[in-house]
Each structure stands twice: as structure tokens, then as C-alpha cells.
Amino acid sequence: MDYSAIKARGSDLVLHDIQNFNLGNTLDCGQSFRWKMLAENRYYGIAHSRELSLSLEDENLILHDVTPYEFEKIWRGYFDLSRDYGELFTRFRGDNTLAHALDFAPGIRVLRQEPFEALCSFIISQNNNITRIKGIIARLCAAFGEHLGGEAYAFPTPQALAAATEQQLRDIGLGYRTAYITAAAQEVLSGKLDLNPLYIMPPKQAGERLCAVHGIGKKVAACVLLYGFARVDFIPEDVWVKRIMAQLYPAGFPQELAPWGGIAQQTLFHYARNCEGAVEKT
DNA sequence: AGCCAGGGTCTGC
DNA sequence: GCAGACCATGGC
């Protein structure tokens, strides 16, 4: 386990001596689009229809206004806290490139997001940039998500998105992805696309099932399986990961790390995008 | 101003 | 199977 003890402190929960968890790198590395930095090492976001603000003080991770029940029910899983990242990062460091990447961007965990949110988010992500993706998703939630109080909205349900008109979705800025979102929401709502089996379906079959959805190709399918279903052996190959593979792994990605390729990819993606000279943009 | 963005579809070879 | 046009939009 990566943390020694969970204690209540007033209405907060404190995870003492948390290791291998860099809040900023994890919440702002292109895997989730719903988190905002309030200050250094202090973030606010929404997942599973719950608001959460959390902060890192010294070696302690503090979840504000969270009950132990909610922690066990939602956040332990969401932040993948039951996985031993210490052991995993040690394993990664056996690879020279990953050792450099981890030095540059330590503590990136792969979040376990809700399947339908991941499905929609990464349809929206295609041929798009992260800043604009965040804006579109924020507007989508405000327009169609459950109101949680204040300016907080849950990610919309399949019902809500399937019922949205084309013009409403276009006004949000979805552009040509409008039809893709509508189709995906309708498929999930009708049961034509059953998400639950994707947790356990064989890899090839799971990828093919998602690729059968209009607007989903191999890259988006891998993102949905990795971020929405914790299928950490999937490596989404966008332009950055293609550069990484071509330039840093000409002989192929290490076979022994393949079972955690999706987690390794997240560190490498952040490294390639943010470390000057890590990869060439040609 | 023009290129690019965590791509996919469709058409034509 | 692969190449290229095309897709909406706005960040930078």
C-alpha cells in the first residue's frame, strides 16, 4: 500500500505519508478534463456526481468534506489508491527512458473514470486540443448534467444527451462530433451498446466493439478502455505516443511492461509534451 | 494569420 | 490495405 493511514480530521479525510501521487501531474495530464487547479497542490473537480476539493500538504493528501464511506465507495477507486504505484514505478525504472520520464513527471496515476463519461470525453477529444476539450465538457455538463448546487454539475446521463437537440449540442461547440455524441448516447440508452461487458471482454473484442460505434476509432477506443474501464494494458496511440514509440522505442515497447503499458504511457505522454527536447515534433 | 489539436470517416486506388 | 480530402472550432 502506498499510504500508511487514513484519518478523519474534522470533516476532512487525511491520507498520511502518501507516496507516488503527484496531484498536479495526475489531474492535468490529458486523462481527465474535469479538474481545476485552485492553487499549487490544491484542486477541485467533479466525478461520480460528487464534488471534491483536495490538497497536498507536505506528504499528506487531504480530501475535504469527505466521509469514510464516500472515500471507500468512490475516491479510493477513482484515484486507483489500491494499486501499489511504488512497486510499479520501481519496475518502470528498469527501463531507461521511463526512468527519465519519471524523473521529469513523477507520481502520475491513471484515474478510474466513469465509463460513459470516458466514452463521451474521448469522442470529443478527437482532433481537438485539451483546453478546448475542457471547455466543451464544462458546457455540456452545465447544459445537461444534474445540478449539484452552486456552479457544479454532474456529467450528463445517456438519457440527457440522447434527448439533446442537434442545435443545442452545436451551440456548445461540439462541431462535427455532435452526431457522434448523439449516436453514442442513444446506443447506450437503448442497450445496443452494453458497457459492462467491456470490463472483462478479451482485448481485441473490446476494441472492436467500441470501434463499431460511429465516431470511435482505435485511439479513442483505447482511451475509453484505459480511462473508463481500468484496462491498463491499452496504449492509446495519438500523435505524441506515436512520436514516443518511433523515437524512444525503435525496438518496441518493453514486453515485460506491456501489462501496465497504459499507465506507463501516461507518464511518457506528459514527458513528451512538456519536456523540451524529449521528442522531435517532425 | 495560419497551424495545430490525445482522430475518424469516406472515397478512390 | 493505404493515401488523401474533409470534417467544426478555437487555442496559441
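Since the model is a prediction, treat every value here as computed from it, not as a measurement.
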[atom1] spacing across the pair [N] / [M], given as an integer number of angstrom:
{"N": "B:dA1", "M": "C:dG10", "atom1": "C1'", "result": "14 Å"}
{"N": "B:dA5", "M": "C:dC7", "atom1": "C1'", "result": "14 Å"}
{"N": "B:dG6", "M": "C:dA3", "atom1": "C1'", "result": "23 Å"}

Of A:Thr131 and A:Arg170, whose closest DNA chain C nucleotide lies nearer the 5' terminus?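 Whichever sits nearer the 5' end wins; that is A:Arg170.
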
Specify the separation, in whole Å, of atom [atom1] of [X] and atom [atom2] of [N].
{"X": "A:Arg273", "N": "B:dG6", "atom1": "CZ", "atom2": "C1'", "result": "8 Å"}
{"X": "A:Ile181", "N": "B:dG7", "atom1": "CD1", "atom2": "P", "result": "15 Å"}
{"X": "A:Gln265", "N": "B:dG6", "atom1": "CD", "atom2": "P", "result": "13 Å"}
{"X": "A:Ile123", "N": "C:dA8", "atom1": "CD1", "atom2": "P", "result": "16 Å"}
{"X": "A:Glu166", "N": "C:dA8", "atom1": "CD", "atom2": "C1'", "result": "12 Å"}
{"X": "A:Asn127", "N": "C:dC6", "atom1": "CG", "atom2": "P", "result": "15 Å"}
{"X": "A:Tyr176", "N": "B:dA5", "atom1": "OH", "atom2": "P", "result": "13 Å"}
{"X": "A:Asn274", "N": "C:dC12", "atom1": "CG", "atom2": "C1'", "result": "15 Å"}

Regarding A:Tyr43 and A:Asp28, is there a side-chain donor-to-acceptor distance under 3.5 Å anywhere?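 Result is no, nothing qualifies.
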
Using a 4.0 Å heavy-atom cut-off across all strands, classify [X] as base, sugar-phosphate, or nothing.
{"X": "A:Ile133", "result": "nothing"}
{"X": "A:Ile136", "result": "nothing"}
{"X": "A:Gly30", "result": "base"}
{"X": "A:Tyr227", "result": "base"}

Charged N to carboxylate O below 4.0 Å: is that the case for A:Glu114 and A:Arg50?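 Salt bridge flag = no for A:Arg50 with A:Glu114.
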
For the pair A:Arg112 and A:Asp80, find out whether any cationic side-chain nitrogen is under 4.0 Å from an anionic carboxylate oxygen.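 Yes, charged N to carboxylate O under 4.0 Å.
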
Charged tip of A:Arg34 within 45° of A:Phe155 ring normal and under 6.0 Å: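 Cation-pi check for A:Arg34 and A:Phe155: fails.
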
Under 4.0 Å: is that the gap between some side-chain N or O of A:Arg177 and OP1 or OP2 of C:dC7?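 Checking C:dC7 against A:Arg177, no side-chain N or O comes under 4.0 Å of OP1 or OP2.
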
Find which nucleotide of DNA chain B each of A:Asn128 and A:Val220 is nearest to by heavy atoms, and output the residue with the more 5' nucleotide.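 With A:Asn128 and A:Val220 compared, the 5'-side residue is A:Asn128.
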
Residue from A:Phe116, A:Tyr180, A:Tyr227 passing ring-ring contact (aromatic ring centres under 6.0 Å, His included) with A:Phe122: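 It is A:Tyr227, the one option of A:Phe116, A:Tyr180, A:Tyr227 that forms the ring-ring contact (aromatic ring centres under 6.0 Å, His included) with A:Phe122.
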
Nucleotide nearest A:His214 when distance is taken to its side chain, options B:dA5, B:dG7, B:dC10: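 The nucleotide sitting nearest to the side chain is B:dC10.
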
Ring-on-base stacking B:dG8 with A:Tyr180 (under 5.5 Å, under 30°):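 Per 5.5 Å and 30° rule: no stacking.
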
